[in-house]
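No hydrogens, no waters, no symmetry mates; every other heavy atom, side chains included, goes into these values.
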Amino acid sequence: MSARSERRTVPLSVLLKRELANEKIEKPEVVVVHGQASEDKKGEDFTLLKTERQRVVGDGVSTYSVFGLFDGHNGTAAAIYAKENLLNNVLSAIPSDLNRDEWVAALPRALVAGFVKTDKDFQQKAQSSGTTVTFMIIEGWVVTVASVGDSRCILEPSEGGIYYLSADHRLESNEEERVRITSSGGEVGRLNTGGGTEVGPLRCWPGGLCLSRSIGDMDVGEFIVPVPYVKQVKLSTAGGRIIISSDGVWDALSAEMALDCCRGMSAEAAASHIVKEALQAKGLRDDTTCIVIDILPQEKPPPSVRTQKKPVKGMLKSIFRKKASESSYIDKEYLEPDVVQELYEEGSAVLSERLETKYPLCNMFKLFICAVCQVEIKPGEGISVHKGAPNPGRLRPWDGPFLCSSCQEKREAMEGKRTADRLGSGSD
C-alpha cells in the first residue's frame with residue numbers, strides 16, 4: 001500500500017480541539033452579558049438571543065453574539081418566521097473564506113440581503129402578518145444593528161452619552177419615508193372616519209400600516225419595504241450598555257429615562273426594571289419587551305456603579321468622534337478609553353445603493369449568484385442591480401452584483417417601478 005493511500009484526513013472538530021489544547025485560540029476580548037423581560041398584551045413580541053457563537057476563519061476561531069427583537073402585528077407568523085430564518089439568511093450572504101476584519105466589513109451588506117430574502121420568502125407563504133425587526137450582531141467591540149419598524153436600539157458607552165443605533169420608521173415621525181412612499185405612487189394620510197374627520201397616526205394606503213418598513217405585510221402594498229437601516233459602531237475597550245426594546249417601552253420612556261432607571265443594575269435586573277417602569281407610566285397597552293446587553297472587557301466584571309453620563313448630543317453625526325491619538329511612550333494600561341467610532345451608516349431603501357460595487361471585498365458577490373437570495377444564476381440571466389438605477393455614475397447595466405429574475409421583480413415593486421397587487425386591509 002502506498003504512503004499516499006495510508007494518509008487519512010483529520011476531521012475539523014479534531015483539529016479545533018488540538019488548536020484549543022495548544023492555546024492557539026484566543027479567548028474573546030469581550031464579555032457579553034444580557035437580560036430580557038417582557039409583558040404580553042397580544043403575544044406578538046419574539047426575541048432571539050444567541051451568545052458565544054463560533055465560526056472558523058482563516059486566522060483562527062472568531063466568537064460573535066446575536067440579538068433580535070421581532071414585534072409582530074396582525075398575527076405572529078411573520079415574527080416567528082423572521083426569528084427562525086433571518087440569521088441564516090444573513091450568514092449565507094457572507095462568503096465563507098473571510099478573515100475576521102473582512103467578515104465584520106461584510107455584515108452591513110449581508111444584513112440588507114438577509115432582510116430582503118426573509119421578506120421575499122415569507123411573502124410567498126401568502127400570509128398577511130408583518131413584523132418590525134431590530135437585529136444586532138456583536139463581534140469583538142464592533143456592534144452592527146439593522147432595523148425596520150419602530151423598535152429601537154440605544155447605546156450608552158462607559159464614557160457617557162447616548163447613541164441611537166436604529167431608525168424610527170413610523171410615518172408620523174419620518175418625513176423622508178413619507179416622501180419615498182408618495183414618490184413611488186403610494187398615499188400617506190390619517191384614517192378618515194367620514195365627514196372629513198381624520199384620526200390617528202399617519203398611515204400608508206392601501207393597507208393602513210403606520211410603518212414604512214417591515215418584514216411581511218404583503219396585504220398593504222410593496223411600498224412597505226424590508227430594506228433595513230444599518231449602523232455599525234466600534235466601542236472603546238471600556239465597553240457599554242445597549243437597550244433594545246419594542247414600542248411598548250419607547251411609547252412610555254425616553255432613552256434617558258430607560259438608562260437612568262436601571263443604572264447600577266445587572267443586565268437581567270435592568271431589563272425587568274425598564275419594563276416595570278414602562279408599565280407604571282402607561283399601563284399594558286401593547287406587548288412590552290426589553291433586552292439589555294452589557295459589553296465588558298474580559299477582565300472586568302459587570303459594574304455595580306456606572307460612570308456619570310454626559311448629555312445627549314443633538315445631531316446624529318456629531319455624536320461620534322474620531323479615535324483619540326495614542327502616545328507611543330504611554331503604557332496602554334494607563335490610557336484613557338477611546339470613544340465610540342462610527343464605521344458605517346446607511347438607510348436608503350434603494351437596493352442599488354445598498355448593494356453597490358464599491359466595497360473592500362472583491363469576492364463579496366460571486367458572478368453567477370443572486371446578491372439577495374444566493375441562488376445560482378445561469379450565465380446571461382443575471383440582472384445587474386444597477387439596471388435602471390437613478391444615479392448609476394460610471395457603472396454600466398452589465399456591472400455586478402446581479403439579481404435573479406424574482407429578486408429583480410421584488411426590487412422593482414419596492415421602488416415603485418411596476419404595479420403590485422395590493423389588498424386594502426387595515427393593520428396596526
- Query: So which of Arg354, Glu345, Gln232 actually passes side chain to side chain contact (heavy atoms under 4.5 Å, CB included) with Pro108?
  - Reply: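 Single pass found, and it is Gln232.
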
[X] (side chain) donor-acceptor with [Y] (main chain) under 3.5 angstrom:
X      : Y      : answer
Ser212 : His169 : yes
Asp168 : Arg170 : yes
Asp119 : Gly216 : yes
Ser158 : Gly239 : yes
Glu44  : Gly75  : yes
Arg55  : Thr63  : no
Thr288 : Ser38  : no
Asp150 : Thr132 : no
Asp247 : Trp250 : no
Ser272 : Ala269 : no

Atom [atom1] in [X], atom [atom2] in [Y]: separation rounded to 0.5 Å?
X      : Y      : atom1 : atom2 : answer
Leu171 : Cys210 : CG    : SG    : 7.5 Å
Leu86  : Thr118 : CG    : OG1   : 4.5 Å
Ile383 : Cys370 : CD1   : SG    : 9.0 Å
Ser183 : Arg178 : OG    : CZ    : 12.0 Å
Lys42  : Asp71  : NZ    : CG    : 8.5 Å
Ser147 : Leu69  : OG    : CG    : 11.0 Å

- With side chain to side chain contact (heavy atoms under 4.5 Å, CB included) as the test, would you mind laying out the steps for Val30 and Leu296 before giving the verdict? CA-CA 6 Å; Val30 302; Leu296 307 165; over 6 Å; no

- Please walk me through it: do Gln36 and Thr47 pass side chain to side chain donor-acceptor pair (under 3.5 Å)? CA-CA 9 Å; Gln36 173 195 354; Thr47 59; 2.9 Å; yes

- Task: Check step by step if salt bridge (Lys or Arg N to Asp or Glu O under 4.0 Å) holds for Arg203 and Asp217.
- Result: CA-CA 13 Å; Arg203 300 174 182 270; Asp217 290 312; over 6 Å; no

Taking all heavy atoms of [X] and all of [Y], pick out the closest pair and write down the distance.
X      : Y      : result
Leu211 : Ile224 : O-CD1, 3.1 Å
Arg241 : Ala270 : NH1-CB, 3.6 Å
Cys261 : Ile274 : SG-CG1, 3.9 Å
Ile215 : Pro226 : CG1-CB, 4.2 Å
Pro228 : Arg213 : C-NH1, 4.1 Å
Gly68  : Ile291 : O-CD1, 3.8 Å

Got [X] and [Y] here, is their nearest side-chain heavy-atom distance under 4.5 Å?
X      : Y      : answer
Thr289 : Val275 : no
Val143 : Ile293 : no
Trp103 : Asp101 : no
Pro206 : Val220 : no
Leu343 : Val142 : yes
Glu277 : Met257 : no
Leu155 : Ile162 : no
Cys373 : Cys404 : yes

- Could I get the full list of side chain to side chain contact (heavy atoms under 4.5 Å, CB included) partners for Ala281, not counting sequence neighbours? Ala252

- Query: What pairs with Glu187 under side chain to side chain contact (heavy atoms under 4.5 Å, CB included), at least two apart in sequence or on another chain?
  - Reply: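 Side chain to side chain contact (heavy atoms under 4.5 Å, CB included) list for Glu187, sorted by chain: Trp205.
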
Salt-bridge present ([X], [Y]; N to O < 4.0 Å):
X      : Y      : answer
Arg263 : Glu156 : yes
Lys282 : Asp251 : no
Lys231 : Glu342 : yes

- Item | The single option from Asp45, Asp286, Asp287 passing side-chain hydrogen bond (donor to acceptor under 3.5 Å, both in side chains) against Ser246 | Asp45

- Should Tyr344 and Leu107 be marked as a side chain to side chain contact (heavy atoms under 4.5 Å, CB included) after you check the CA-CA gap, both sets of side-chain angles, and the distance that decides it? CA-CA 10 Å; Tyr344 180 94; Leu107 281 176; over 6 Å; no

- Query: Residues in side chain to side chain donor-acceptor pair (under 3.5 Å) with Thr134, at least two apart?
  - Reply: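 Expected list: none.
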
- Sequence neighbours left out, what passes side chain to side chain donor-acceptor pair (under 3.5 Å) with Trp141? Give chain and number order.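 With neighbours one apart ignored, the set is Glu29.
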
- Run the side chain to side chain contact (heavy atoms under 4.5 Å, CB included) check on Arg180 and Val225 step by step: do they pass? CA-CA 11 Å; Arg180 177 184 66 79; Val225 301; 3.7 Å; yes

- Message: Checking Arg190 against Glu172 for the salt bridge (Lys or Arg N to Asp or Glu O under 4.0 Å) test, could you report, in this order, the C-alpha distance in whole Å, the side-chain angles of both residues, the deciding distance, and whether it holds?
- Response: CA-CA 10 Å; Arg190 304 184 194 280; Glu172 188 72 37; 2.8 Å; yes

- Task: May I have all residue pairs that pass ring-ring contact (aromatic ring centres under 6.0 Å, His included) and include part of residues 106-125, sequence neighbours excluded?
- Result: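 For residues 106-125: Tyr81-Phe122.
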
- Task: May I ask you to check whether over 12 heavy atoms, not counting those of Glu198, lie within 6.0 Å of atom CD?
- Result: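 Yes, the 6.0 Å shell around CD holds more than 12 heavy atoms from other groups.
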
- Message: For a side chain to side chain contact (heavy atoms under 4.5 Å, CB included) check, start with the C-alpha distance between Lys50 and Arg53, then their side-chain angles and the critical distance, and finish with the verdict.
- Response: CA-CA 7 Å; Lys50 293 182 177 292; Arg53 290 177 59 92; 3.6 Å; yes

- By ring pair (Phe, Tyr, Trp, His ring centres under 6.0 Å), His273 pairs with (sequence neighbours left out) none

